[in-house]
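Encoded as structure tokens, the structure appears first; notes follow it.
Protein chains get the first letters and strands the later ones, always in sequence-line order, with residue 1 at the start of each. Keep in mind that what you see is a predicted model, and the values were worked out from it rather than measured.
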Amino acid sequence: MASGIERRGFLKTAAVAATLAAPRLSLAADSKVLRFVPQANLANLDPIWTTQYVVRNGSLLIWDMLLGVDDQLQPKPQMVESYENTPDFKTWTFKLRPGLKFHDGEPVLAKDVVASINRWMVRDAPMGGPIKKRTDALEAVDDRTIRFRLNQPYAKMLFAIGKSSTPTLFIMPERIAQTDPYKQISEYIGSGPMRFKKDEWIPGAKAVFEKFDGYVPRDEKANWLAGGKRIHFDRIEWQIVPDGATAGAALQSGEVDWLETPLSDLIPLLKKNSNIAVDIADPLGNIGSFRINHLYPPFNDVRVRRAVQMALSQEDYMGAVVGDDETLWKTLPSYFTPDTPLYTENGGDRLQGKRDYDAAKKLLAEAGYKNEPIILLVATDVAITKAQGDVTADLLKRIGMNVQYQALDWGTVGQRRASKEPPDKGGWHIFHTWHAGADCVNPAPYTALDCSGPTAWFGWPNSPEVQAKIAEWYAAPDLATEKTVIADLNKAAMDFVVYLPTGFFKGYQAWRNNLSGIVKAPFPVFWDVTKA
Amino acid sequence: MLSYIVRRILATIPVVLMVALFVFSLLYIAPGDPAAIIAGDQATPADVERIRESLGLDRPFLVRFGDWFWHVIHGDLGTSIFTNLPVSHMIAQRIEPTVSLMILTLILSLSTAIPMGVIAAWKHGSWIDRAVMATAVLGFSTPVFVVGYVLAYIFALRLDWLPVQGFTSIDQGLWPCLRTLILPSVALGLIYMALIARITRATMLDVLSQDYVRTAKAKGVGQRGVLFVHALKNAAVPIVTVIGIGFAALIGGAVVTESVFAIPGLGRLTVDAILRRDYPVIQGVVLLFSFLYVLINLGVDLLYTLFDPRIRY
């Protein structure tokens, strides 16, 4: 009897203890799961096949890199233990860290690196392509050593293989990296700090990453893509929330921990919430782009391009894109990202000062513009392009141009802008987009500045002067020379009006206050983030 | 009856074929390019062209249609251009949230709309009638997403009773599943409820003026019996018809509701696929929905025999 009472008493106590402990256990478990809302849907996971940033961001968890840039944009060893180059920059040798393993348990070998580089070189037009052209041999010297033998110098090799701009060089197992670069991989095996849970992947809804215990981080402190990538979560769940208002509400209610790109209208509300922190997401921001078709009149005449340049008000564009928060934007008389080592305003005068509509009209008349319709493609489903398109329509009307505003969705603009047909036969004159500041720090990842004519980015600008300056930059041996060359390049590009920068702007990220360790970067940095 | 059902099911084949051809043609002539979206904003035109070739998007219309159709009749809906996953797998992943949402919406709407319509007809001209009609007009006039935001603000953010977004499978328990579905179902069901309440009221008004209702009353049948046994059964045919037709509205509403509440269902899959021009997924989902729509209308036709014995097939 007595023992029965004791047993019941014990069971009651245990039940109460279990009840009390349950929330703590639950909280402890919750602190090991990070629920993140990315900027867009993760519809696929091949960072070479596609250049979408959201894919690059997910890939950073799965695949590791030979080198990675830090917040000073300096490439630092990551999978690489050491590297060396000959003084003529023609031979580059990289040695892997010992003990690197893929998620399937196989060791990372030099042959995997060679295959990954080969696939990347085919798809990375700005840097991989030129390296491929210069390469006499790319070989696995032994299991841990890779060597490039080039027939021409390539001084920017470290930046090329450590850059964050897409396509980024990720190292995959050889069997996966041998996939045709224009076809999508179907296995997501990497050697990064997290493994991808393909069985839990619902494209458009959820992607789950699980901590990879076999990952050995570097000893150095993490700094963007450099240093030790220490993950403090068992799982990172990407929840795709297509509606910005719903995502904001989910953050406020604690259903998610971190929004990569909260809706700008909600920022004041989120800032008032004591449980939520709001800060700039990417210090390198973005450059708004007024992209011009150089193939057809009237914009094949530099005078017409300059007329628009002297009338364009970046304040108007940034007001429309970002709104009243002036801490988020600045005018940009440059093609390069502000506050980065090569930034220059040389040649940007025409974008500054009072806007001169009369002079613009006069220049248009001189160029022989006779009210021909200007086809303006506007992706109305993307807020940034819609805002820029609206300002452009108004600007062109003010200087007496006949604008045909074509409201489309981004998918259609993506197709139309590739057309080299005349504007009145399905082509175009102008479309808007924006470039990540991380891609505009120097000419290497900057496809929009390329002026190689038929092979250039949409709009196909053709300027031997600009191309000559880009080539000079590639050969520049030190930072001082690079700065001089970039100043000249900016002036040449401004004079030629490759495209019209509409301003520099940043965006916010927001997270629950129980997270710590979130940094500003051009991509979400999950390492060293913890959850209380 | 059985031969009728078989004939009707066989008749769905040409309907679905026509839908397939129509959808394929529509997508072919619609602007947009999945290759450009895959390649991303920084890709060169040459890259976009190579991706287009690798996806077979440069092939002639008839070749593409023939290839797709050959696979469909062999039970293969193809592979998503973007995810590289079989379309049937993607549909299977998404069907539970949508079916759960539809079922709960139907239960909530029918269980409120039919009594509302019956009572409004019974109390014709009274304040109850006007209140029911005002609710119905409100249900018709308020967009699903507005209702969704208002509900989420009140019941999730202010009161913290229900989650803002997401879906929990019924495998995790009935209540966790219902918690995630209540707000979306109410938001989605409002227009459906309004539609059914109005048609129920109108039909009941007609039936209540019939001689047999008067006879039933004269025989001493109680008010509840008159309304729900004699009148409602005879009013059921048009109501059931509207329920079937309204299913299309429900599918359209699910697209919006699933986006607002971040429910990973077929509606969101459709929207995502359309925005990306993921042709195999769009074609697969539209085929599925058209097949379901035909089946539901077949079910409605069969229900007629239950409510009206004069109908024979």
Do B/I38 and A/Q184 make a side-chain contact, defined as non-hydrogen atoms from C-beta onward lying under 4.5 Å apart? no
Quick one: what part of B/L85 sits under 4.5 Å from any heavy atom of chain A, side chain, backbone, both or neither? side chain
Side chains of A/D243 and B/F261 in contact at under 4.5 Å (non-hydrogen atoms): no
Heavy atoms only, distances under 4.5 angstrom: which of B/I274, B/D160, B/D272, B/T83 has the most pairs with chain A? Name it, please. B/T83
Counting C-beta onward and ignoring hydrogens, is there a side-chain heavy-atom pair between A/K183 and B/N84 closer than 4.5 Å? no
Does B/F61, at its CZ atom, have more than 12 non-hydrogen atoms belonging to other residues, nucleotides or ligands within less than 6.0 Å? yes
Quick one: what part of A/W410 sits under 4.5 Å from any heavy atom of chain B, side chain, backbone, both or neither? side chain
Within the 4.5 Å heavy-atom criterion, are B/Q93 and A/P203 side-chain neighbours or not? yes
I'd like to verify something: which residue of A/V241, A/V122, A/I202, A/D381 has the highest number of heavy-atom pairs under 4.5 Å with chain B? A/I202
What residue in B/A156, B/S54, B/A35 has the most heavy-atom pairs under 4.5 Å with chain A? B/S54
Please classify the contact between A/A43 and chain B as side chain, backbone, both or neither, with a heavy-atom cut-off of under 4.5 Å. both
Whatever's closer than 4.5 Å to a heavy atom in chain B on A/W201 counts as both
Tell me, side chain or backbone of A/I240 under 4.5 Å from chain B's heavy atoms, or both, or neither? both
Verify the neighbour count for atom NZ of A/K420: are there more than 12 heavy atoms of other residues, nucleotides or ligands below 6.0 Å? yes
Part of A/V256 lying under 4.5 Å from any heavy atom of chain B: side chain
State whether the side chain of A/E255 and the backbone N or O of B/Q165 hold a donor-acceptor pair below 3.5 Å, judged by distance alone. yes
Please determine whether the number of non-hydrogen atoms from other residues, nucleotides or ligands lying under 6.0 Å from atom CZ of B/F65 exceeds 12. yes
Please determine whether the number of non-hydrogen atoms from other residues, nucleotides or ligands lying under 6.0 Å from atom CZ of B/F140 exceeds 12. yes
Out of A/A418, A/S165, A/G254, A/A250, which one racks up the most heavy-atom pairs below 4.5 Å with chain B? A/A250
A/N286: which residues meet the side-chain hydrogen bond (donor to acceptor under 3.5 Å, both in side chains) condition with it, sequence neighbours left out? none
Where on A/A247 is there a heavy atom nearer than 4.5 Å to chain B: the side chain, the backbone, both, or neither? neither
Looking at every heavy atom in both A/W49 and B/F82, which two are closest together, and how far apart are they? CZ3-O, 3.9 Å
Is any side-chain heavy atom of B/Y149 closer than 4.5 Å to one of A/T246? yes
Validation row: B/R276, A/N41 side chains within 4.5 angstrom (heavy atoms): yes
Find out whether A/P242 and B/R268 are in side-chain contact, i.e. whether some heavy atom of one side chain is under 4.5 Å from a heavy atom of the other. yes
Checking A/R416 against chain B: side chain, backbone, both or neither under 4.5 Å from a heavy atom? neither
Name the member of B/L275, B/V164, B/I51, B/D33 that forms the most heavy-atom pairs with chain A at distances under 4.5 Å. B/V164
Nearest 0.5 Å, what's the OH-CG distance between A/Y182 and B/L55? 12.5 Å
Taking the side chain as everything from C-beta on, heavy atoms only, tell me whether B/R277 gets closer than 4.5 Å to A/Q415. no
